[in-house]
Asker: 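Before we start, here is the structure in question, set down as structure tokens.
Given the structure is predicted, the values throughout are model-derived calculations rather than measurements.
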Amino acid sequence: FACDCNDNVEDCAGSCGGTAADDDFGLCGNGNSLQGAIDAAAAGSTLTVPGGTYDETANINKSLTLTGSGSITGGVIIGGDDITVNGLSLSGAPSQKNTVIWVDGSGVRNNITISNCSIDGESSGKYAFYGSNSISGDLTFDGNEIKNITSWYVMDVNGSSHTVNNHINSVKFTNNEVYHVGGSIAFRGKIGDPTNSATISGNTMYDLCGSSCGGWIWAGIEVNNTSQVNIFNNDIRDAFSEGGGNGHALQLWSMTPWELNVHDNTFTNNAGGIWVITNGGGAGDIGAALGLQYETPSGSISDNDLSGNSQFGVAVNDSNGGGPMACCDEAPEGSDNDDGILYGPEAGRSHSCSEVDGCYSETELYDVVTGDAGPVDATLNWWGSADGPSDGYNINVTTGPWYTDADMTTLAEADCAGTYGGSAADDACGVCDGDGVTGDLDGDGLADASIRDNANYIAGTGFSIGA
């Protein structure tokens, strides 16, 4: 109806002849501003974002589910509790931090879910997610595409610090595709007050390009100080070798008792497979001040493809200057320390690789394990050969029985001496590894060199034998 004699009508704001109109969010005069729609949304509600490009930063400062099909090019700020971002394409960065998603560290943020989003770092040095050491409650990343992150972190939950401020209830990193990334995904729990549980499952990670694309990757995924760690149905490959054994699929450790179950994964074509740390500096000093030390996990590592990693499969050992590998056996030729002195495992002592100009072995794992750590159960895996893992491919783990085929259908059998991959067999006299003649009079399961060697057996019969 006309509101004046000139046949003008009221706009959505009630102004006669005005031009304000409802936008795609259904808001009067908002002009399709995403931030305007966020500000207008009630706490605890769901805001559906229409398709289109939003050249702005989404500052979510209340409990809200932001879902839809639009593209946000100025990054996202998490500034409240109980926030979900779902189904959106995210790029750019807020002004506060060079990261696509930034958690506002001015307060503790509880319960964050990022799901079904495309997170693009645009190969410009950004993180995908920076937690500002301000996260508590439940953290969930599910069904996302994470790409082009050319930084040494892909996801830094705790602000690059082992001093974690808050207790985290649970971490779920599931069904994500991660590729062309230069750094690591780190989920760190609080030392002395560990995260209750972490579930890492259904993820595909490849082209982990490390320093070759502007980052530095120590592990595809790091999880530490978490009471229950379940890692299954993941495919992590192509972690770029950064030296010292860095560039592995998983890095895991805790300073309180924990259970680790790693099964049905493919970790191949990396520098290393799985590193469980038994001691190290930095975090170790923090734990020691609390009367804590590194703990060996219960649980098992089974039914995984751990073949084709260039330096190691599973290492359960101390950190050697930040990596699991030994130092070079001697200083590189022509270096200041080129004096023929052995420094690696052949020297039978621990030391700093700085004594050999930082040179790490490419083939030998660091042979120092603190306390009574290990061995960890790593049976029932495929190591790339029917004969099982090669010598030196693992340290401080139990590997037999293993699968003898890539389809993981057939297990290796132990020989008569109980050795998997061994060649001992019963002889014609039923003696394990015997010669079919000498026999086994003392009943120890091994062939005897002669009857004169069986003093215990002879004494038991009451007979004697001349010298």
Side-chain angles (χ1 to χ4, degrees), residues 184 208 210-211 216-220 222 224 239-253 267-285 293-297 301 306-376 378 381 383-385 387-399:
S184 301
L208 309 185
S211 56
W216 198 94
I217 187 166
W218 61 95
E222 174 190 346
N224 67 50
F240 187 88
S241 174
E242 302 289 2
N246 288 294
H248 37 270
L250 300 177
Q251 183 180 121
L252 311 165
W253 54 272
F267 302 141
T268 187
N269 199 40
N270 307 290
I274 303 169
W275 185 23
V276 179
I277 304 176
T278 56
N279 193 42
D285 296 337
Q293 63 182 4
Y294 284 77
E295 299 277 350
T296 305
I301 298 170
L306 290 161
S307 65
N309 299 299
S310 62
Q311 295 186 9
F312 70 94
V314 179
V316 182
N317 62 347
D318 288 7
S319 173
N320 182 23
M325 305 304 291
C327 300
C328 294
D329 286 335
E330 59 182 280
E333 184 176 355
S335 71
D336 292 339
N337 295 309
D338 182 19
D339 51 12
I341 297 174
L342 295 180
Y343 288 100
E346 294 181 12
R349 61 188 177 88
S350 61
H351 55 88
S352 169
C353 278
S354 63
E355 298 175 25
V356 284
D357 292 352
C359 178
Y360 286 92
S361 171
E362 294 290 316
T363 58
E364 293 177 292
L365 285 158
Y366 191 44
D367 60 352
V368 177
V369 177
T370 296
D372 58 355
V376 167
N381 293 291
W383 303 99
S385 169
D387 296 327
S390 59
D391 291 342
Y393 193 60
N394 305 296
I395 187 169
N396 200 20
V397 296
T398 302
T399 59

Asker: Could you tell me whether the side chain of Leu365 reaches within less than 4.5 Å of the side chain of Met325, counting heavy atoms only?
Answerer: yes
Asker: Under the side-chain contact (heavy atoms from CB on, under 4.5 Å) criterion, do Glu242 and Trp218 qualify, and how do the steps go?
Answerer: CA-CA 7 Å; Glu242 302 289 2; Trp218 61 95; over 6 Å; no
Asker: Using only the SG atoms, decide whether Cys328 and Cys359 are less than 2.5 Å apart.
Answerer: yes
Asker: So do Asp318 and Tyr366 actually touch side chain to side chain, heavy atoms under 4.5 Å?
Answerer: yes
Asker: Can you tell me if CG on Asp391 sees more than 12 non-hydrogen neighbours from other groups inside 6.0 Å?
Answerer: no
Asker: Residues two or more places apart in sequence or in another chain: which of them pass side chain to side chain donor-acceptor pair (under 3.5 Å) with Asn317?
Answerer: Trp275
Asker: Does the side-chain contact (heavy atoms from CB on, under 4.5 Å) test come out yes or no for Phe312 and Asn394, once each step is laid out?
Answerer: CA-CA 6 Å; Phe312 70 94; Asn394 305 296; 5.9 Å; no
Asker: Search all heavy atoms of Pro324 against all heavy atoms of Gly244 and return the closest pair with its distance.
Answerer: CD-O, 2.9 Å
Asker: Could you list the residues that satisfy side chain to side chain donor-acceptor pair (under 3.5 Å) with Gln293, not counting sequence neighbours?
Answerer: none
Asker: Return the minimal non-hydrogen interatomic distance between Leu306 and Val314, and the atom names on each side.
Answerer: CD1-CG2, 3.9 Å
Asker: Are Thr398 and Val376 close enough, and set up right, to give a side-chain contact (heavy atoms from CB on, under 4.5 Å), and what steps lead you there?
Answerer: CA-CA 6 Å; Thr398 302; Val376 167; over 6 Å; no
Asker: Search all heavy atoms of Gly220 against all heavy atoms of Leu208 and return the closest pair with its distance.
Answerer: CA-CD1, 4.3 Å
Asker: Measure across Asn270 and Gly247 and return the closest heavy-atom pair with its distance rounded to 0.1 Å.
Answerer: CB-O, 3.6 Å
Asker: Going through the checks in order, is the side-chain contact (heavy atoms from CB on, under 4.5 Å) test met by Ile277 and Leu252?
Answerer: CA-CA 6 Å; Ile277 304 176; Leu252 311 165; over 6 Å; no
Asker: Quick one: list whatever passes side chain to side chain donor-acceptor pair (under 3.5 Å) with Asp387, sequence neighbours left out.
Answerer: none
Asker: Tell me, please, which residues at least two apart from Glu222 pass salt bridge (Lys or Arg N to Asp or Glu O under 4.0 Å).
Answerer: Arg188
Asker: Which pair of heavy atoms, one from Ala271 and one from Ser310, lies closest together, and at what distance?
Answerer: CA-OG, 3.4 Å
Asker: Minimum heavy-atom separation for Ile217 to Ser184, with atom names?
Answerer: CG1-OG, 3.6 Å
Asker: Can you sort out the partners of Tyr294 under ring pair (Phe, Tyr, Trp, His ring centres under 6.0 Å), two or more places apart, ordered by chain and number?
Answerer: Trp253
Asker: Would you call the rings of Tyr393 and Trp383 parallel, tilted or perpendicular, taking 30° and 60° as the class edges?
Answerer: perpendicular
Asker: Quick one: CG on Asn246 to CD on Gln311, what's the gap to the nearest 0.5 Å?
Answerer: 9.0 Å
Asker: Return the set of residues passing side chain to side chain donor-acceptor pair (under 3.5 Å) with Ser319 (not counting sequence neighbours), or none when no residue passes.
Answerer: none
Asker: A side-chain contact here means heavy atoms from C-beta on lying under 4.5 Å apart; do Asn320 and Val368 qualify?
Answerer: no
Asker: Would the distance check show the side chain of Thr296 and the main-chain N or O of Gly374 forming a donor-acceptor pair, the cut-off being under 3.5 Å?
Answerer: yes
Asker: Rounded to the nearest 0.5 Å, how far does OG1 of Thr399 lie from CD1 of Ile301?
Answerer: 11.5 Å
Asker: For the side chain of Asn309 and the backbone of Phe267, is there at least one donor-acceptor N/O pair under 3.5 Å apart?
Answerer: yes
